[in-house]
Amino acid sequence: MSDQEPSPAVSISHLPRHVGRSVTLRGWVTHLRSSGKVRFLVLRDGSGLAQAVLVKGQVPEADFAAFDRLTLESSLVLEGLVRAEPRAPGGFEVQVTALTPVHLAQDYPIAPKEHGVGFLMDHRHLWLRSPRQQAILKVRDEISRACRDFFHARDFILIDTPILTPAACEGTTTLFETDYLGRGKAYLSQSGQLYLEAAAMALGRVYCFGPTFRAEKSKTRRHLMEFWMVEAEAAFFTLDDVMALAEDLVRTLVSRVLERQQPALAALERDTGPLEAVLAGPFPRLSYGEVLERLKDAGAELAWGEDLGGDEETLVSKMFDRPLLVHRYPLSCKAFYMEADPADPRLALCVDLLAPEGYGEIVGGSQRVADLDVLLGRIKDHNLPQEPFEWYLDLRRYGSAPHGGFGLGLERVVAWLCGLHHVREAIPFPRLLDRLYP
RNA sequence: UCCCCGGUAGCUCAGCAGGUAGAGCGGGUGGCUGUUAACCACUUGGUCGGCGGUUCGAAUCCGUCCCGGGGAGCCA
């Protein structure tokens with residue numbers, strides 16, 4: 001209104017505080033409606049959506065005309081009076097007094113209607129603007145923060161492990177390969193664990209949180225080529241300590257999201273009942289052997305030594321309404337660094353945490369081999385070269401100690417808590433088999 | 001890598017006992033003083049994924065390649 005005193009720029013989420021006052025909003029057009037001499041637009045600024053109204057005669061003619069040039073997703077600045085208005089989505093509305101387009105968008109490809117997944121993935125950079133994708137990204141942010149808060153509250157030190165590595169951490173999975181300036185091959189990290197073990201011998205309790213890369217030709221709703229993992233490692237931790245910490249973390253993440261992201265969960269139409277149930281009591285713990293028995297009773301017999309497949313995991317986890325900890329798998333189907341169970345050397349001191357509702361494995365952890373000779377034997381058994389692991393073997397030469405840890409897949413947790421059908425929506429720009437764009 | 005399904009307008013799809021292409025939405029124009037994925041009228045819009053074959057004639061049948069979707073294995 002006044003040229004001398006422009007209205008303060010506010011975010012849409014704060015509109016209720018400004019009822020009766022003039023404010024400036026800046027954002028993007030998500031809906032346009034015109035009805036003769038009344039024009040409506042819905043504006044998005046990242047914090048929320050607000051309806052703005054222009055009435056002919058109450059706005060300078062040039063500003064009113066500017067509305068008619070607006071297109072979906074055009075950016076603009078507007079000034080207006082905030083009113084409580086039951087007819088407006090959200091209950092508040094801005095009566096526009098000035099409207100200034102910043103940029104008029106070209107024909108926006110994403111319409112407010114159904115689109116195929118392929119089309120949306122090709123336009124991922126624009127798809128992020130939709131309410132649903134925004135809600136997912138907010139939940140993801142909440143989970144990331146909660147992870148950091150969780151570990152710092154327990155005196156874990158953040159260690160940034162390298163992404164370019166000289167060799168496989170686990171050897172078995174396929175690695176993304178790159179040329180290291182003519183000095184040989186380097187590989188993108190598939191886990192920070194081995195480096196974290198070194199740091200645990202320095203600092204006791206450590207964790208890392210970063211991207212990891214798996215060049216597997218996996219094509220399922222649970223797999224990404226590039227995903228984010230939180231890994232924890234602690235000296236003198238036993239398998240029981242690892243399980244307790246993993247359970248504690250998952251419980252913390254669920255309660256934190258329920259506590260602080262109700263609007264996002266509502267936008268996603270996530271039924272929070274199953275999430276509340278997670279917090280109702282301790283997570284059930286079953287050994288691999290006990291799982292085999294359960295499977296047999298359910299008519300899905302599995303031979304001892306066989307790894308649990310996706311179907312088996314789903315079947316067992318559906319027997320509980322809380323996440324399930326499955327421990328002590330056969331050593332033969334696990335990684336070389338896992339400690340054997342002294343009570344039964346055929347078993348590994350390891351644990352997988354299976355999320356309910358069919359979301360499957362979200363955590364994998366173990367107690368690590370502490371003895372040098374045992375580790376040397378494992379490296380040999382797994383046909384791994386010893387030389388690249390010399391530094392790792394040193395950890396067993398200079399004050400070796402029992403230790404253990406786990407890794408948690410961020411996108412799988414996001415997908416679970418948001419109730420998504422595929423992890424590709426749980427990360428801003430997913431890297432999938434045959435999909436590297438945008 | 002294997003097994004299914006699909007590729008027709010900018011988007012979502014219909015058309016397939018072979019006869020030369022349609023709808024809704026979007027875009028454009030006009031109308032409407034309270035719209036809610038607004039509505040009404042008019043209008044624009046296509047090498048029917050590529051290549052090859054059968055045929056008088058192919059979006060439709062056959063072969064092949066490419067791309068996408070779903071599932072499996074493996075994993076977080």
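The figures that follow rest on heavy atoms only: side chains count, while hydrogens, waters and symmetry mates do not. Keep in mind that what you see is a predicted model, and the values were worked out from it rather than measured.
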Task: A:Gln193 CD to B:A76 P, straight-line distance once rounded to whole Å - done: 9 Å
Task: Residue among A:Trp391, A:Tyr392, A:Tyr207 satisfying ring-ring contact (aromatic ring centres under 6.0 Å, His included) with A:Tyr195 - done: A:Trp391
Task: Nearest-0.5 Å distance, CG of residue A:Leu175 to CG of residue A:Leu188 - done: 8.0 Å
- [ ] Mark yes or no for whether A:Arg378, through its side chain, and A:Met338, through its backbone, hold a donor-acceptor pair below 3.5 Å.
- [x] yes
Open item on the list: Tell me whether A:Thr24 contacts the main-chain N or O of A:Ser7 through its side chain, where contact means a donor paired with an acceptor under 3.5 Å.
Closed with: yes
So which nucleotide does [N] pair with, by the Watson-Crick or G-U wobble rule with both distances under 3.5 Å?
N	answer
B:G27	B:U43
B:U1	B:A72
B:G52	B:C62

Could you work out the separation of [N] and [M] based on their [atom1] atoms and round it to a whole Å?
N	M	atom1	answer
B:A41	B:A23	P	14 Å
B:U43	B:A9	C1'	15 Å
B:C62	B:U1	C1'	27 Å
B:A59	B:U8	P	15 Å
B:C25	B:A37	C1'	10 Å
B:U60	B:C51	P	12 Å
B:G26	B:C39	P	7 Å
B:C16	B:C61	C1'	10 Å

[X] side-chain proximity, nearest of [options]:
X	options	result
A:His115	B:U35, B:C11, B:G34	B:C11
A:Thr220	B:G70, B:C74, B:A76	B:C74
A:Gln51	B:G34, B:U12, B:G68	B:G34
A:Arg424	B:C75, B:U35, B:G69	B:G69

TODO: Check each residue of residues 124-141 of chain A for a non-hydrogen atom within less than 4.0 Å of any atom in RNA chain B, then write out the ones that pass by number, or none.
DONE: none
Open item on the list: Any residue in residues 360-367 of chain A with a heavy atom nearer than 4.0 angstrom to RNA chain B? Just list them by number, or reply none.
Closed with: A:Glu361, A:Ile362, A:Val363, A:Gly364
Search all heavy atoms of [X] against all heavy atoms of [Y] and return the closest pair with its distance.
X	Y	value
A:Asp45	A:Ser11	OD2-CA, 3.4 Å
A:Val369	A:His403	O-CE1, 4.2 Å
A:Leu128	A:Leu137	CD2-CD1, 3.9 Å

Checking all strands, does [X] fall into the base, sugar-phosphate, or nothing category for heavy-atom contacts under 4.0 angstrom?
X	result
A:Glu411	nothing
A:Glu93	base
A:Pro109	nothing
A:Asp352	nothing

Tell me the salt bridge (Lys or Arg N to Asp or Glu O under 4.0 Å) pairs involving [range], sequence neighbours left out?
range	result
residues 417-438 of chain A	A:Asp122-A:Arg435, A:Arg132-A:Glu425
residues 326-336 of chain A	A:Arg328-A:Asp341, A:Lys334-A:Asp352
residues 260-270 of chain A	A:Glu142-A:Arg260, A:Arg270-A:Glu357

Task: Electrostatic pair A:Glu290:A:Arg285 at N-O distance under 4.0 angstrom - done: no
TODO: Determine, for A:Lys56 against A:Glu61, whether the closest basic-nitrogen to carboxylate-oxygen distance falls under 4.0 angstrom.
DONE: yes
TODO: May I ask you to check whether A:Arg124 and A:Gln133 show a side-chain donor-acceptor distance below 3.5 Å?
DONE: yes
- [ ] Check the chi torsion on B:A17 and let me know: syn if it falls within 90° of 0, anti if not.
- [x] syn
Task: Under-3.5 Å donor-acceptor pair between A:Ser218 side chain and B:C75 base - done: no
Task: Letter per nucleotide, 5' to 3', of nucleotides 22-32 of chain B [B base touched, S only sugar-phosphate touched, - untouched; heavy atoms, 4.0 Å] - done: --BB-S----B
